[in-house]
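One structure is given here, and the rest of the page talks about it.
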2 protein chains.
Amino acid sequence: MTTMAATAPLPFEQHQPPMGLRERKKLKTRIAIRKATYRLIAEQGYEATTVEQIAAAAEVSPSTVFRYFPTKEDIVLTDEYDPVMEAVLRARPADEPPLESLRIILTGAVASILEHEPEEMHLRTRLMLEVPSLRARMTETMAETSQLLARPIADRAGREPDDLEVRVFTAAVMAALREALIHWGERGQQDDLVALVDRTLDVLEGGLPL
Amino acid sequence: MTTMAATAPLPFEQHQPPMGLRERKKLKTRIAIRKATYRLIAEQGYEATTVEQIAAAAEVSPSTVFRYFPTKEDIVLTDEYDPVMEAVLRARPADEPPLESLRIILTGAVASILEHEPEEMHLRTRLMLEVPSLRARMTETMAETSQLLARPIADRAGREPDDLEVRVFTAAVMAALREALIHWGERGQQDDLVALVDRTLDVLEGGLPL
DNA sequence: TTCTTTTTGAGAGTTACTGTCATTTGACGC
DNA sequence: GCGTCAAATGACAGTAACTCTCAAAAAGAA
């Protein structure tokens, strides 16, 4: 789920404490590139910011930037929330209604990100509205998340992992989340985003204008 | 709705008979570029086909190609179905349940395209599965279609044109369509696509594993 | 230290796309 | 048919995101 923050810890931390100097340096570089990117984009806008500038600001070569992130879009969009969300989903009671599980996970994730990295969240949502290529990629990333969440739900229901009905279900949920984010962004990010997500999920719960 | 064909007529034709030589030539060029593109991509694949090759095959300059299509992706994806679908939606009886209206429109559109331009449909769906950038753009285009369809539905229900609930509704419908297409493509495009679309829409009608 | 492996930077090359400008070509009044 | 004007085209130069290759540098193991 790309729209949600980048580095912060979710409900539960996930860290292998022992980490060699090499690994630590790599993580540092990764973060430096992302921070530089966020700063430059906040100052100049997305398109006006070149990878060369990003590399210079992060004090690495352009080659290195592309080694860490396959595309410029990915510098902004990559996050590590998907596996966490899947884990949390698997940890939910098996007899909980799937929509309820997803509601808890999504509202929880949104709340957590808003608390821990509000600036990133705001910038990302703004970019999602303004930059077409980023919006497209974000939407696609959410579709991937949908697929990821479909597995546990299918397992739980005793269906095939790629069951069509289940995939439609999770896709609808992610689409609802997307609309909540867009709505939030379009109104200047003033509303209570968690409440908006709840509202959009209510629509799927039978509140739609059928 | 990008996934669906390019040039063919839908339920009702839309043509202003009088058209100067200039206009006719432009349309010809447009079609030539698209045909050349489809042919080259079918032969070599999407990434291996350069705009230069396309221009040469269509016997125009690269500049002209970009004048007709803003991006290479658009050559493959652009279609003219959205306005038609919106018109058909507006023509449906106002007291028809929205999901029923959309079901008729989407299955009708899919059926029409499968009948008139099966090859394009197949190629597009294949590319949607294989080329990430195209898939992202297609998903995004469907989100745009969702927004377009939301307006008439909101009108009908006496709601604001950007009503959140309505947007979630149409977004869910388009997400369902997307899943139907993906499912169809993943199984080698052997199943009855119209039936698949019906099935996915059934999920929204209360058949979801809530 | 020395040897090995991983990481990095430098540079050259490709391609999608943008902007400009001169040339061509259809439209239209005569 | 003819000349004029606007639109369409092609040629060209330029930018920036990526890719590939290779040699230098830095980390880990012995």
Side-chain angles (χ1 to χ4, degrees), chain A residues 16 18-34 36-38 40-41 43-78 127 131-138 140, chain B residues 16-34 36-38 40-41 43-78 127 130-138 140:
Chain A
Q16 286 77 357
M19 200 151 72
L21 172 57
R22 217 159 218 169
E23 304 284 318
R24 253 178 296 141
K25 239 192 145 179
K26 265 168 84 170
L27 188 59
K28 257 191 165 177
T29 307
R30 216 182 152 72
I31 293 174
I33 294 173
R34 240 197 314 239
T37 305
Y38 280 136
L40 287 171
I41 289 180
E43 289 172 13
Q44 320 173 330
Y46 179 77
E47 336 241 75
T49 303
T50 73
V51 174
E52 220 172 331
Q53 291 175 335
I54 292 172
E59 299 188 294
V60 293
S61 75
S63 327
T64 300
V65 173
F66 284 115
R67 239 178 238 119
Y68 278 80
F69 300 93
T71 70
K72 184 178 154 191
E73 290 160 6
D74 283 293
I75 310 180
V76 181
L77 297 184
T78 304
L127 291 174
V131 184
S133 73
L134 284 180
R135 189 174 49 229
R137 202 122 155 55
M138 266 187 189
E140 176 61 18
Chain B
Q16 287 75 355
M19 199 151 68
L21 171 56
R22 215 159 219 171
E23 302 286 317
R24 253 179 297 141
K25 239 192 147 182
K26 266 169 81 171
L27 188 59
K28 258 192 165 177
T29 306
R30 214 182 155 73
I31 293 173
I33 294 174
R34 241 195 316 239
T37 305
Y38 280 137
L40 289 171
I41 289 181
E43 289 171 12
Q44 320 175 331
Y46 178 76
E47 335 241 77
T49 303
T50 72
V51 173
E52 218 173 332
Q53 291 175 336
I54 292 171
E59 299 189 297
V60 293
S61 74
S63 326
T64 300
V65 173
F66 285 115
R67 239 176 238 121
Y68 278 81
F69 300 93
T71 71
K72 185 177 154 192
E73 291 160 5
D74 283 294
I75 310 179
V76 182
L77 297 182
T78 304
L127 292 175
E130 292 171 2
V131 184
S133 73
L134 283 179
R135 189 175 50 231
R137 202 119 156 56
M138 265 187 191
E140 176 61 19

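Any value given below was found using the heavy atoms of this structure, including those in side chains, with hydrogens, waters and symmetry copies removed. Lettering of chains follows the sequences in order, A, B, ..., and the numbering in each one begins at 1.
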query: Between D/dG10 and B/T64, is there an OP1 or OP2 to side-chain N/O distance shorter than 4.0 Å?
result: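 It does, given that an N or O in the side chain of B/T64 lies less than 4.0 Å from OP1 or OP2 of D/dG10.
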
- prompt: Counting just side-chain N and O atoms, does A/K25 come under 4.0 Å of either OP1 or OP2 of D/dA26?
  reply: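 Answer is no, no contact under 4.0 Å.
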
task: Measure the shortest side-chain to side-chain distance between A/I75 and A/V65 over non-hydrogen atoms and say whether it is less than 4.5 angstrom.
output: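 They are in contact (side-chain heavy atoms under 4.5 Å apart), so the answer is yes.
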
- prompt: Are B/M138 and B/L127 close enough that some pair of their side-chain heavy atoms sits under 4.5 Å apart?
  reply: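 With C-beta onward as the side chain, the pair stays apart.
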
Please name all residues satisfying side chain to side chain donor-acceptor pair (under 3.5 Å) with [X], sequence neighbours left out, ordered by chain then number.
X      : value
B/T50  : none
B/R135 : A/E140
B/T71  : B/D74

Quickly work out the [X] [atom1] to [N] [atom2] distance and round it to whole Å.
X     : N      : atom1 : atom2 : value
A/I54 : C/dG9  : CD1   : P     : 15 Å
B/I75 : C/dC17 : CD1   : P     : 8 Å
A/E59 : C/dA10 : CD    : P     : 13 Å
B/Q44 : C/dT15 : CD    : P     : 11 Å

task: May I have all residue pairs that pass salt bridge (Lys or Arg N to Asp or Glu O under 4.0 Å) and include part of residues 46-63 of chain B, sequence neighbours excluded?
output: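 Output for this query is empty, none listed.
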
[X] [atom1] to [Y] [atom2] distance, which is reported to the nearest 0.5 Å:
X      : Y     : atom1 : atom2 : value
B/S61  : B/R67 : OG    : CZ    : 6.5 Å
A/L134 : A/Y46 : CG    : OH    : 4.5 Å
A/R34  : A/L77 : CZ    : CG    : 10.0 Å

Taking only N/O atoms, report every protein-nucleotides 2-4 of chain D pair under 3.5 Å with atom names and distance.
none

Within the sub-3.5 Å range, which N or O atoms of nucleotides 16-20 of chain D have a protein N or O partner, and how far apart are they?
residue	atom	partner	partner atom	Å
D/dA17	OP1	A/K72	NZ	3.4
D/dA17	OP2	A/V51	N	3.3
D/dC18	OP2	A/K72	N	2.7

message: So if I define the base as every atom that isn't primed, P, OP1 or OP2, how would nucleotides 2-7 of chain C read as a B/S/- string at a heavy-atom cutoff under 4.0 Å?
response: ---BBS

query: Which residues pass the side chain to side chain contact (heavy atoms under 4.5 Å, CB included) test with B/Y68, sequence neighbours left out?
result: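 Listed in chain order: B/K26, B/T29, B/R30, B/I33, B/T64.
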
Non-neighbouring partners of B/T49 that pass side chain to side chain contact (heavy atoms under 4.5 Å, CB included), sequence neighbours left out: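 Side chain to side chain contact (heavy atoms under 4.5 Å, CB included) check on B/T49 returns B/L40, B/I41, B/Q44, B/Q53, B/I54.
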
